[in-house]
Structure formats: C-alpha cells, structure tokens
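First the structure, in the form of structure tokens, and then the observations on it.
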Amino acid sequence: MSIKATSTDGFPTSTSRSQAETESVLLEHLPDPASSAATPVLQKNAHMQFLIRNLVQGFPTRYISQDASQPWLLFWTLQAFSVLQVALDPGNKQRCLEKIMAWQHPDGGFGGGPGQAAHLLPTYAAICALAIVGRPGPGGGWDEVDRKKMYAFFLSLKQKDGSFLVAHHSEVDVRGIYCLLTVATMLDILTPELVDGTAAFIASCQTYEGGFASASHPPFPVSGSVLPPPAPRPPLGEAHGGYTFCALASWVLLRPYMEQTAEPKPEIDLKNLMRWLVHMQGTEIELGGFKGRTNKLVDGCYAWWCGGAFALLEALGLGGIQNADSDEVPVDSGVAAGVWDDVDESLFNRNALQEYILYAGQHPAGGLRDKPPKNADAYHTLYCLSGLSSAQHHIYPSRVRKSQVLEAWEPSGWSLLYVPNENARKVAFAELLSWTEEEGGSHIVGGKANRLNATHPLTNLTITHTEALTAHYYAQKVPERIRTAPKADPAA
Amino acid sequence: MPSKAAADTPLFAEREEWADVQPLEQYEGVNPIAPIFYSPEYKDATGYFRAIVQAGEKSARVLELTENIIRQNPAHYSAWCYRYETLLALLPPPAEDADAGAQPDIPPLLAAELALMDELAVTFLKTYQVWHHRRLLVPLARQPRRELAFIQRGLAVDAKNYHTWSYRQWLLAACYGRGAAADPAMPDAVLDEAAGVWAGELDFVDAALAQDVRNNSAWHHRFFVVYGARGQADSEAERARIFRRELIYTKQNIAIAPSNPSAWNYLRGVLRETNTPFAAVQDFARLYAYPHSADETRDVVDLDNPAPGADAELPCVQAMEFLADAWETEAGAEMWKSLANEHDTIRRQYWEHRIRDAHQTIKPAVE
C-alpha cells in the first residue's frame, strides 16, 4: 500500500504546513513491515505505572490548571485502570471514596473540588468515579449521593430553549447536557419535565457539515421573551468531535422521552452525521487516527469522541451486523460468532484506528498522548485507551437483551418528590442495559495480549460498573446474560 | 503555573487587610489520594477564597482575590462565577430615568473589568471561562462593536480558536440578530449599525480565507453569517442572488486549492440549505474528479465553472465523492469503488456501505 501525503495542490497555507509536519512525524512512527516492531504491543505495564504514579504520588504542580477538575483527574485515572482490567485494593478505594464525597455540594451536584460550585461536568466525573470505587450501604458512597438536591440543581440550570447551563452564571454547551443526561439516567432522576425541549436543542446544534457544535443561539433575545417560530437557532461554532459525541449520546439517551413529546418531533440528519464522522478519520499517512474538526490535526483523544460515536450510530440503525439485515442476528447467543470476520459491518477502519493508538498514541515512558512528540497526560491516557477498546470490540444495543431486561422489570417505588413517566423510566433503564458485547466480534490488532476491557458506549464506564450502579438506583436486579453457545475466543 | 504577578505580591496570609479572615483547608481531616502539588501562592489564595465563599462576602477585596486565583488558574470556574456575582453587587444600579434606547454609561468599575478582560483573554485564549465572562459583561456594557474588534485581534493570534469564533457568533446573533430588535434593552445605536456589521462579516471571512483557505472555522462562520444567524432572505430575488454569490465564491476557492474538504463541505451545505440537487453542480465537479487530461485547453474560460490549475493534484477525492453523491447510480457506484479501492482506501467500508445502500431498494429500513 502506497502512503500518500495529503494534497496541497501547490498552494501551501498554514493548515497544510502543520498537516505536512504532522504527517512526517507520524510516518516515523510507522514501523517497517519487515521488522519485528510490525506487531504492535500495548505497553500495559508502563501505562499502569504512569497511572499508579498519579494516584499514589499525586499530580505535579502544572496540574494546578486542573484544580477545578479534580473529579476528572480521578475518573480518568480510575477508568483507565478499569479499561486495563485492573481493580483497586479496598484501602485505596476507600481513600478515593472519601475524596469524592468531599466534592458534593451542600445544595446538590458535585463541584470541581471541595468548596467549589456545583457544575455538570465534575458531577458526571464524580458519579462515574463512584461507580468504580463505591458500593451500596453506609460509607459506600452510593447511598450518600443526595439525588433530591441533585435533581433540584439540574432543574435550576434549565433554560427556556431546552438547554442547560453547565453551572450557575456559566455557559450552555452540549458537554454539560451529556453529563446531566448520563447521570440522570443512571441515578433514576430523569423526568419529562427535566428533558422537555432538550432534544430540539440538541438537534439545533447540528451544523451543515453533519457534526455538532458546542451550542446554538436561543430563539429569544438576551432580555425579553421567546420569538415566534421559525426564529433561527444557529449553531455557535463549527462541527467538533467532542461536542458531536456528547450531542449524539444525549440524543440516544433522550429517545425514551422523545416518543412521549408533542409534535413536531425534532430531527437530526443521520446520514450527514455519519458522513462527517467517517471523514474525521485520517488517512494512512495519519495512521488512521481521528481528528476533531475538518482540516485540523489527528489527536488520540478523538479515538473515543469520534471512533466511539460509531457504536452510538448503531443505536439509531446505522452500521453493525444487526442493522445490515431486517432480522437481528442473535450475536449475543453465540450463534453468529465469527460472522464479523466475513462481513465487517463497521463504518470506519477499526484496525487503522488501533494502529494509530499503538504506534503514535503511546508515550515511551508510559501514559498515552495526543500525538508524538507530545507528553502523556491523564486525559489522553483514558480517551486513547477507551477509543482503542471501542475499536477492538463490537458493543451494540441488543434487542434480545432489552426485552430480557424489560421482562425482568419489577415495579419499584421512587422515593423522590418528582413524578416520572413510568414507561419511559423503564425503557430508559432497559436501553441503557441493552448494550452487549458481540461474542467473537473482537478484532485485536497485535493479538490477545493487547486486549482491553470493553466500555459502555454511552457512559464510558465498563458495562459491569454501569449496570451495577444503575440497577442500584432503580432498585432492580440485573438479569443474567443468556449464553446458549460456548463462549467464542475473543481474540480473532 | 504561578504568574509573575502572584509571585511578586505577598501571600494573603501575610497581609493585614486579610487578617480578619481564617483561610479554609481544602480537605479537612482527609489525607487525599492523588493530590495536586500546589504552589504556596495557590494554596494561600484558594484557602482564602473558600472562606470568603462560605461567609458570602461580596466586597472590593474579593475582586482582588479572584483575580489573583484566575491568574494562577484561569479554569477556576468558581472564582469567575463568584467574581461576577461580586461585580453585580458592587456596580451601581442602572439609572431609573435612563432612556430605554440609549447607550448605558460605563461606571469605572465596569470599565476596569473590561480592560482586565482584554488582557486576560489574550493570555488565556484557550480557556472557556475567559470568554464566558466577557459574554456576561456584554449586556452590562452593550458595546458589541468594541467586542468585534477585540475578537479580531484574538483570531490573529489563533485563527481556529473554537471559543473565539463561537463567542463572535453569539455576539452577532445576540446584538444584531432577530432577537436583538425584540430586546427592549438594546441601544438604538447598536440596532442601527446592524446592516453594516453583517456586510462587514463577509469581508472578515474573506480576509481569513485569504490568509488560509483551509480554515474551516472561517468557512463555518461564513455559513453562519449567510444562512444560520438570520435564516434565508425574504424575497426570492434576494435568495437567488445570494445563492449565485455563494456558489461562485465557493467554486473560485475550490479552484485555488481543490483538495480542501472545508470548501466542498460548504458547497454541500449551501446546496442542502437551498434544496438544490447536487447534480446542478456536476459540470463543475467533473473538472476535478478525473486525472488531468493531455488535451486540457484553457482557450475557453467558463466563468461559472472555474477550472483547476496546473498544480492541482487530480483526481480530487472530494470531487469524486461529490459526483457519486450527485448520481447515486451505477456511475456513482463506480466512483465509490474507485474511492474504496484506490483513492480513499481508509474509508473503504464506508464507500462499500454507500454502494450497498444505493442498491438496497427492496429491503425496508430497520428502525
């Protein structure tokens, strides 16, 4: 295969110049196919040492810039351990728990550190960290989350256009909405009132390119009332990988409630979205990594934000073996094991993405990164690993599993003040738990030793952690997964 | 990173005017796992900040304290937020007899804040909070022209900064969009300059694309200005004029550097927005979708369809995709195959999906 540089058409500009520099650096990281390095190795031990150093010794002074993101630093570290198939010992778990609970704000939600204002982003990170290290019962964290106050905090951020501020006096953006919806879904505090108008807001963030922007401008003045339709709601900012993941995941999480809403139902252009996502993958000379915007550079973190978004498209009927035919292939029953070898229904190049992370994303001293020659950091370590994991495994929303969860549903009271829509509540629970790893559907570049744990495409927690936390708050039992055939070898 | 200003000033703990405040530890009685190694200056200032927040104090010294923290960590959103609340508490209330359409007076405190923001936004260009704080100040000062000029300076430093561009778009929509006219507090002077501002934005995009025709942020801004912010023009003649203008503008920019996905995406966007079939532009795309031919002649210049230059690397992948999408027929499938097998192999599976999808006429779509 010849490796072609990106065309400049004899007309260099600053974009094409930095592109060319990046391509020459990346090309140096592509081994000679004849050498032994042609089988890439995920340096699990080096990455583990990097994470342990952060957790035990702490973060150097330059991390002061992340002092308002302490829940994120912990979540990135803990979840990276989970993806690497490592669990913490009870003593360290307890120390994590104590730290997390110090971030809960007296008026609901979690802040970026003790004494900081509650904010949607650290609230997501704190709840996810709790999913990993917490447990039910006294001192376990899960029962010390004040869900009533959190719900009140969420409602206090709601805007007339269906969006949410990320914190009081702060900006609106779809990252916050993703964080809110993920937490509200897992904690059983999702209500029609909370999400009224939110799907229409998400839809308004889609740009002409197909991806999503950070926010849209509301159809009303800074001071004054809502304008009559069709007042424009233009996206603010261009299509972007991080916002696209958040918007798409929000869209998927809102579906149980969208069916209840009045006409006209908001719509997104799925085909244009798919096209945009597909085009975010860099070519061979970019080692198949993903970029976050048109004409920008590849970056390891978009392995998750863009690469991971393909699993979400499957929930909407695009891509995946189960969508290729009108009859669902019961892949989780083991019958279809190995099918993927013959018909790879994924819409992007999974192998190339794995190669980007393995060849360019790993820092030689441990930890993962944006691209060489950059340093590793906690953020890129998680999102490179999660992206690599999502490229290794095929996780899809199984209709079989969904109906199994629905059948096992036990009516459970909610102790909160709000009135949920019982049917939507049940469907939201079942859909979150319907995500299933296709048996025999894994393709692991570099072989079995590089295998990572699968992550839940909506929460970016493991499926086990997602299910345990969610079932706790809904007071449900997670039905055992049915396996009618012997488990297939996960490493193809 | 401690800033110079923070290092030169004494710690709050050493200052007499702060002696009445007892700083608050971050983690009481907990030896936290995964600690950040704070500098003494940062630890000092944030300790006092936690105490001030707990006491609910909103005085002039809080502005100094929050500025100190922001300079050390511009992402400290709680410091920004508390600063804004303090500012609101300290600013004089708007005069009751003020004319609704008049430009408000700028009190000295607000003027000082605006000046500080000009400095901080350049220093901390990539931080969400610096841009959001500016946004909060706009309804207080109502001087959007000043902001537009400031943003231009910011983009000169970082031409693709997401926050800077989206702030510009917010400002335009909020102060010059349809909503602005319905905003009783919007000064008449601002409303009067709207037409000129929107026209100026097209020049602004031109200048940005002349610098770098591949700057996708500038292309997106053009779409925002032409279609997004105000919707389509009311009269059909005006809509047709704008459509022709956008089409020729995009084609000319494609001719300069054909393999530019930003420009092709813009072309697609314009066609979709105006419900124009892609096939309407196929003559243009054809010029780019095949290798240079030996008998290329430049005798006849088709102004509607500017041709690629001699340096253009053809075939251009974006032109091939465009034609295939325009056709969605056997000929389109051939184009997709050529992309899958030769010209854009990384996306082979997507091109194959398109071929299957186009052929799938009988099977109903799965929900």
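Lettering of chains follows the sequences in order, A, B, ..., and the numbering in each one begins at 1. What you see below is based on every heavy atom in this structure, not just the backbone, and it leaves out hydrogens, waters and symmetry mates.
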Can you tell me if [X] uses its side chain to pair, donor with acceptor, with the backbone of [Y] under 3.5 Å?
X: B:Arg268; Y: A:Glu209; result: no
X: B:Tyr77; Y: A:Gly112; result: yes
X: B:Glu313; Y: A:Thr8; result: yes
X: A:Thr61; Y: B:Phe37; result: yes
X: A:Lys99; Y: B:Pro32; result: no

[X] portion near chain A, given a 4.5 angstrom heavy-atom threshold:
X: B:Phe224; result: side chain
X: B:His132; result: side chain
X: B:Tyr42; result: side chain
X: B:Glu28; result: neither
X: B:Arg230; result: backbone
X: B:Leu136; result: side chain
X: B:Gln54; result: neither
X: B:Val213; result: both
X: B:Trp219; result: both

Do you know which of [options] has the most heavy-atom pairs under 4.5 Å to chain B?
options: A:Pro234, A:Gly237, A:Gly58, A:Gly282; result: A:Gly237
options: A:Lys296, A:His119, A:Glu98, A:His168; result: A:His119
options: A:Ala213, A:Ala117, A:Pro218; result: A:Ala117
options: A:His240, A:His279, A:Glu286, A:Gln57; result: A:His279
options: A:Ser214, A:Ala352, A:Ala102; result: A:Ser214

Spacing of [X] atom [atom1] and [Y] atom [atom2] [to the nearest 0.5 Å]:
X: A:Arg293; Y: B:Tyr162; atom1: CZ; atom2: OH; answer: 7.0 Å
X: B:Trp264; Y: A:Thr294; atom1: CH2; atom2: OG1; answer: 15.0 Å
X: A:Asp67; Y: B:Asn73; atom1: CG; atom2: CG; answer: 6.0 Å
X: B:Leu171; Y: A:Leu236; atom1: CG; atom2: CG; answer: 11.0 Å
X: B:Ile346; Y: A:Asn349; atom1: CD1; atom2: CG; answer: 4.5 Å
X: B:Ser78; Y: A:His169; atom1: OG; atom2: NE2; answer: 11.5 Å

#### Entry: Side-chain touch A:Met274/B:His353, heavy atoms, less than 4.5 angstrom
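Yes. Closest side-chain heavy atoms under 4.5 Å.
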
With a 4.5 angstrom heavy-atom cut-off, is it the side chain or the backbone of [X] that approaches chain B, or both, or neither?
X: A:Gln70; value: side chain
X: A:Pro12; value: backbone
X: A:Gln66; value: backbone
X: A:Thr207; value: side chain
X: A:Pro106; value: neither
X: A:Asn295; value: both
X: A:Asp269; value: side chain

I need the minimum non-hydrogen distance between [X] and [Y], along with the two atoms involved.
X: B:Ile33; Y: A:Leu55; result: CG1-O, 3.5 Å
X: B:Asp212; Y: A:Ser14; result: OD2-OG, 3.1 Å
X: A:Thr13; Y: B:Arg214; result: OG1-NH1, 2.9 Å
X: A:Ala68; Y: B:Ala75; result: CB-O, 3.4 Å
X: A:Lys271; Y: B:Asp357; result: NZ-OD2, 3.4 Å

### Query
Is there a donor in the side chain of B:Gln26 and an acceptor in the side chain of A:Gln116, or the other way round, less than 3.5 Å apart?
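The criterion, which ignores hydrogens and geometry beyond distance, is not satisfied for A:Gln116 and B:Gln26.
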
### Message
Show, in sequence, the C-alpha distance, side-chain angles and deciding distance for B:Lys160 and A:Glu238, and conclude whether the salt bridge (Lys or Arg N to Asp or Glu O under 4.0 Å) test is met.
### Response
CA-CA 10 Å; B:Lys160 296 184 179 181; A:Glu238 72 204 270; over 6 Å; no

If you count heavy-atom pairs under 4.5 Å with chain A, which of [options] comes out on top?
options: B:Ile256, B:Asn260, B:Val53; result: B:Ile256
options: B:Tyr84, B:Phe223, B:Trp165, B:Tyr227; result: B:Phe223
options: B:Val138, B:Asn216, B:Leu172; result: B:Asn216
options: B:Glu85, B:Gln129, B:Gln211; result: B:Glu85
options: B:His76, B:Arg347, B:Glu352; result: B:Arg347
options: B:Ala257, B:Gly269, B:Ala181; result: B:Ala257

### Ring geometry between A:His217 and B:Trp170 (parallel below 30°, tilted from 30 to 60°, perpendicular above 60°)
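The arrangement is tilted - the two ring planes meet at 30° to 60°.
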
### Query
Angle class for the A:Tyr208/B:His220 ring planes (parallel below 30°, perpendicular above 60°, tilted otherwise)?
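Parallel: the ring planes of A:Tyr208 and B:His220 meet at under 30°.
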
#### Entry: Centroid-centroid under 6.0 Å between B:Tyr38 and A:Phe59 rings
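No.
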
